[in-house]
Number of protein chains: 2
Amino acid sequence: MLRKASGAMLGRCESAARSLKLLAHPQRLRILCHLADGEKTVRDLEALCGASQSLVSQSLARMRSEGLVACRRRGQFVAYHIEDPRILKLIVSLHEVFCPS
Amino acid sequence: MLRKASGAMLGRCESAARSLKLLAHPQRLRILCHLADGEKTVRDLEALCGASQSLVSQSLARMRSEGLVACRRRGQFVAYHIEDPRILKLIVSLHEVFCPS
DNA sequence: TTAGAATATTATAATATTCTAATATGTTAC
DNA sequence: GTAACATATTAGAATATTATAATATTCTAA
């Protein structure tokens, strides 16, 4: 018994895919994994991920514009955290699935 | 306390990102959601997703080449199913996160 | 206010992805 | 065999993504 996909399903897949696209990149995924561990500054993330300042900043900007992360200034630094609780849940799931202990 | 990302983490992010890239597309995500519901033929998926034969077949081929799905011939048809149990888990997680009941 | 460090932005070349159309292959029924 | 249907593959234009380099902004300390 095949039911045509509902409009709701189409929309949810669009939306989920848009978020997933941001996770589907090694650099951004690494950033999110580190943020899942707690707030980090751009500088921290550069060091943790071994990526250039520009790339880290661009990655964060893109994820910020989609509401995945948010930031606040801490003195000289800008500290980022995961803003969307759904993304945090996904990172946890990804860890369970891809990082068996 | 910042620890540099381990080599293992780098590798796992690469691998997870490679899989996620295949989920991060509305058309392919729809296909996977339908397959999570049970085996489907290419023809079924064309109808369910409202996509062209070529596109559905290409999408399936790409996911097949990465081991996400597998297929078997059923008479005149070819029926696909989710092959990688990790992908099935992810689809379930995505449903929990993006499709609140 | 100036220097220097941290972050953001912009432009761009290189590369990858997506979708469509055309064609090929495989299967069943006759 | 051939017709008709199901699936796969190929080629290609349109578009999107990525990483680097260069520059701009924002803050702090002196």
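Every chain is numbered from 1 and lettered A, B, ... according to where its sequence line falls, protein lines coming before strand lines.
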Base of [N], side chain of [X] - is there a donor-acceptor contact under 3.5 Å?
X	N	answer
Gln53(A)	dT20(D)	no
Ser54(B)	dT9(D)	yes
Gln27(A)	dA19(D)	no
Gln58(A)	dT20(D)	yes
Thr41(A)	dA6(C)	no

Does the structure show a Watson-Crick or G-U wobble partner for [N], both distances under 3.5 Å? Name it, or say none.
N	result
dA30(D)	dT1(C)
dA16(D)	dT15(C)
dT9(D)	dA22(C)

Arg43(A) CZ - dT7(C) P separation (whole Å): 7 Å
side-chain contact (heavy atoms from CB on, under 4.5 Å) between Arg43(B) and Val56(B), intermediate numbers included: CA-CA 9 Å; Arg43(B) 198 106 252 299; Val56(B) 171; over 6 Å; no
Sugar-phosphate, base or nothing in reach of Arg28(B), heavy atoms under 4.0 Å: sugar-phosphate
Touch class at under 4.0 angstrom, heavy-atom based, for Arg74(A) against every strand present: nothing
Residues Lys40(B) and Glu46(B) bridged, charged N to O under 4.0 Å: no
Electrostatic pair Glu39(B):Arg74(B) at N-O distance under 4.0 angstrom: yes
